Number of protein chains: 2
Amino acid sequence: MTATIKDIAKAVGVNPSTVSRVINGTASISEETKEKIMQAMKELDYHPNSLARSLVNGNTFTIGLVIDAGNKDAFSNAFFIQSVIAIESVAQSKGYSVLITNHSLSDSNNIKNLVQERKVDGIILPVQCMTGELIDLMTSSNFPFVVMGEPQDKRADICWVDVDNEQGSRQAVECLIKSGYKSPMLLVENRKTIFENKRIKGFEDECKAQKIKTCSIHTFSEEKIEKLIDEIQKKERETDSVICSNNVIAFKVLKAIKARKICVPKQIGVITFDNYPLAEYMEPALSVVDVDTYKMGETAAELLFRSIRGKEKKIKGRLVDVAIIERESTERKTK
Amino acid sequence: MTATIKDIAKAVGVNPSTVSRVINGTASISEETKEKIMQAMKELDYHPNSLARSLVNGNTFTIGLVIDAGNKDAFSNAFFIQSVIAIESVAQSKGYSVLITNHSLSDSNNIKNLVQERKVDGIILPVQCMTGELIDLMTSSNFPFVVMGEPQDKRADICWVDVDNEQGSRQAVECLIKSGYKSPMLLVENRKTIFENKRIKGFEDECKAQKIKTCSIHTFSEEKIEKLIDEIQKKERETDSVICSNNVIAFKVLKAIKARKICVPKQIGVITFDNYPLAEYMEPALSVVDVDTYKMGETAAELLFRSIRGKEKKIKGRLVDVAIIERESTERKTK
DNA sequence: ATGAAAGCGCTAACAC
DNA sequence: GTGTTAGCGCTTTCAT
């Protein structure tokens, strides 16, 4: 039997509401009774029941976080955990808990339940989980939410956070040029997702010769990558460096390049998006466009709390800066 | 304004309790009124308030999951996410939500709050978060919890799940022997943690010559690893294969070996614990002891739910099987 | 089969 | 400064 507010009221000989007041600091209480109440709370090991509290206050001090487990890409998951940690950290600092729920492609009911059953005060969700139905539900009920990743659907009042992919490409090109490369090529996985398109845009902005190849790691076999490398090698003057849109592409490319005894970084420079923990252990150590997923989660959480607090209604999108980490794979110039 | 149980009662012209009964199927209701009530629930878009429900039922249909973000080891985090996904999945199948909270070394208050403020019905926590104080709190209040990782402190009623590390070492040795290697060496990070000791034990059980080296990736510089490899190389007859206790060791070892133009797998076989997503992209592709973190999370969740349901009180520990995945790095025999 | 009423633990509006 | 009262939304005896 855990102590309730009544128990401690009885113990001290006051009314439950008085106890409530000292707990919440919601009215001025005489030092004396306050002392006694504090004392009793300690002795009876009292802890307020968050449920009861939420029920009357109408808020749960909990935010929902949707994770996309269906996304079997172990790589993106590995990144996402950083966002999770950041979100939890911000939430904790505000006295909030974080409820996670999986996004299942079949139905978004679990997410809908979160908002409809009043289990959370707001939600952070990855862009791929953002169905129209869900958006309707949340916007119509004025329910606070923040999207991780830039949505295609640019409705007025959707608040989102993303990595600055355009900037990423631009900086990658700059990094290569600065290192003495003349003609980079961009290798993307596809041209469908918005983030790939941003990367393409940034690349095109910065690079006169717009050499871009699509090489999905799923449909694209190793042989195809190898052919691509052969191609690059033949016209070496044309392409002397590659920017890979993700780590798997980078690893396959690296493998194919090395199998041909082409030297990285001397003959071909390689830089990749995403600072996967292993990138620095590769040979050569991979230069990367470091995507700060912690920062992204942190920003998302902060935006969500602003929305929950009701301040600054009209925040639309927010981009998180990327940073280049130069390692061996782009060291053409001998220092 | 969201509809409450009263609203729908009023709409149909019945008592709130009747509505409650159809929601919970807790009494026999005439088909007619049941129909009407269901209808009204749809029309008014009614969703039961989980808070109110929990308050009266005394359970939250939520479990707590402690994550160890302080653990800056990006590698272990990458694995842990699989457990998180598994736990969420099991929870969801039972109609439960998952509340995550970070473990901060400074104080375990946030975890304690979870149980004391009745926010969750049970908790899953990593072994490193398991302070004596916390255990006391949970056992004394008969609060269900499951530990991920085998605890040092073997109290009677602590329920834990771990990977079968002993089996892992044994199978790694077997795999090497089967592939034609004669004399493996085990490289562990330290001899302090229980899981390293289990790996050592399994290795010793299986291997007459008990060659074990400690090489913390933090205190152990690349040069030291290189020296180690030099040593191995000199007495090649003695050591012809290494089992690495984690991926970082494996990558550094691989690098050092290759720098010396020693051929893997011909001259030295390499196998490592943990099937990090990149292991298969290494050169040569790394054979691994695959630790099924999904399964581990799943098992933990299942045990927790048994405990919550009050069945099978006395479950102590449970080991999850490992599996060897043979890739190029142990292919001594040409097939 | 259904209604009435009490109560889960807490807070807040209104008294004094 | 503190007691009284009502009520958050739901479930659950106890009636009928």
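Please read all numbers here as calculations on a predicted model, not as lab measurements. In what follows, every chain begins at residue 1, and chains take the letters A, B, ... in the order their sequences are listed.
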Distance check: side-chain N/O of [X] vs OP1/OP2 of [N], anything under 4.0 Å?
| X | N | answer |
| --- | --- | --- |
| Arg53(A) | dT11(C) | yes |
| Lys6(A) | dG7(C) | no |
| Thr4(B) | dC8(D) | no |

Checklist entry - If you find the nucleotide of DNA chain C closest to Thr33(B) and the one closest to Asn49(A), which residue's nucleotide is nearer the 5' end? => result Thr33(B)
Item to check | Residue from Leu125(A), Leu114(A), Leu65(A) passing side chain to side chain contact (heavy atoms under 4.5 Å, CB included) with Thr101(A) | outcome: Leu114(A)
Checklist entry - Crowded around Lys10(A) NZ? As in, over 12 foreign heavy atoms under 6.0 Å? => result no
Item to check | Taking every non-hydrogen atom, the tightest pair across Ile37(A) and Val12(A) | outcome: CA-CG2, 4.0 Å
Next on the checklist: Can you give me the closest heavy-atom contact between Val120(A) and Ile63(A), atom names plus distance?
Outcome noted: CG1-C, 3.7 Å
Item to check | Side-chain donor/acceptor of Thr18(A) to backbone N/O of Val14(A), under 3.5 Å | outcome: no
Specify the separation, in whole Å, of atom [atom1] of [X] and atom [atom2] of [N].
| X | N | atom1 | atom2 | answer |
| --- | --- | --- | --- | --- |
| Lys10(A) | dT2(D) | NZ | P | 20 Å |
| Met41(A) | dC10(C) | CE | P | 11 Å |
| Ile5(A) | dG7(C) | CD1 | C1' | 16 Å |
| Ile23(A) | dG9(C) | CD1 | C1' | 10 Å |
| Glu32(A) | dT2(D) | CD | C1' | 13 Å |
| Glu117(B) | dC8(C) | CD | P | 20 Å |
| Glu31(B) | dA1(C) | CD | P | 11 Å |
| Arg118(A) | dC10(D) | CZ | P | 11 Å |

Checklist entry - Considering the options Ser54(A), Ser97(A), Ser50(A), which one meets the side chain to side chain donor-acceptor pair (under 3.5 Å) requirement together with Lys119(B)? => result Ser97(A)
Checklist entry - Closest to the Leu55(A) side chain: dC10(D), dC10(C), dG9(C)? => result dG9(C)
Distances for protein N or O near nucleotides 12-16 of chain C N or O, under 3.5 Å:
unit_1  : atom_1 : unit_2   : atom_2 : d
dA13(C) : N6     : Arg21(A) : NH1    : 3.4

Item to check | Distance, nearest 0.5 Å, that separates CZ of Arg318(A) from OG1 of Thr299(A) | outcome: 6.5 Å
Next on the checklist: Please classify the nucleic acid contact of Val19(B) as base, sugar-phosphate, or nothing, using heavy-atom distances under 4.0 Å.
Outcome noted: nothing
